[in-house]
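What follows is a set of notes on a single structure, which appears directly below.
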Amino acid sequence: MRVRVLGGLAVEGVDLTRLGSRKARRLLARLALARGAPVSVDALIDTVWGDDPPSQPAEQLSVLISRLR
C-alpha cells in the first residue's frame, strides 16, 4: 500500500471517500507519517479531535482504527 501525504492524502487503489469521516482520514495520515513507528494513544487522540475530544476518546479511537482495517 502506498500512502501519499504531501499535497493531500492519497492512497493508491483506494477511494478515500470509502474511509468515511474526515477523522478517519486524519488518523490514517498521522499513522502514515509515523512510517511504522509507534504513535501514542494521546497523540492520535490529539490528531483526530484536537482540543475537543469526546467523553471516551480511547474507545472512539478504537472504532476509527477498526474501520480503517
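- A chain of hydrophobic side-chain contacts below 4.5 Å, direct or via other Ile, Leu, Val, Met, Phe, Trp or Tyr residues, connects Leu68 to Leu9.
- Under the rule for a side-chain contact (heavy atoms from CB on, under 4.5 Å), the partners of Val41 that lie at least two apart in sequence or sit in another chain are Ile45, Leu61.
- Contact detail for Pro53 and Gly50: the closest heavy-atom pair is CD-O, 3.9 Å.
- Here the CZ-CG distance, from Arg26 to Asp46, works out to 11.0 Å after rounding to the nearest 0.5 Å.
- You'll find the side chain of Val5 reaches within 4.5 Å of the side chain of Val3, heavy atoms only.
- The salt bridge (Lys or Arg N to Asp or Glu O under 4.0 Å) pairs that include a residue from residues 1-10 are Arg2-Glu12, Arg4-Glu12, where partners are two or more places apart or lie in different chains.
- Between Leu28 atom CG and Leu64 atom CG the span is 11.0 Å, to the nearest 0.5 Å.
- From Leu44, atom CG reaches atom NZ of Lys23 across 14.5 Å, with rounding to the nearest 0.5 Å.
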Verify side-chain contact (heavy atoms from CB on, under 4.5 Å) between Thr47 and Leu27, making sure each step is shown before the conclusion. CA-CA 7 Å; Thr47 296; Leu27 175 61; over 6 Å; no
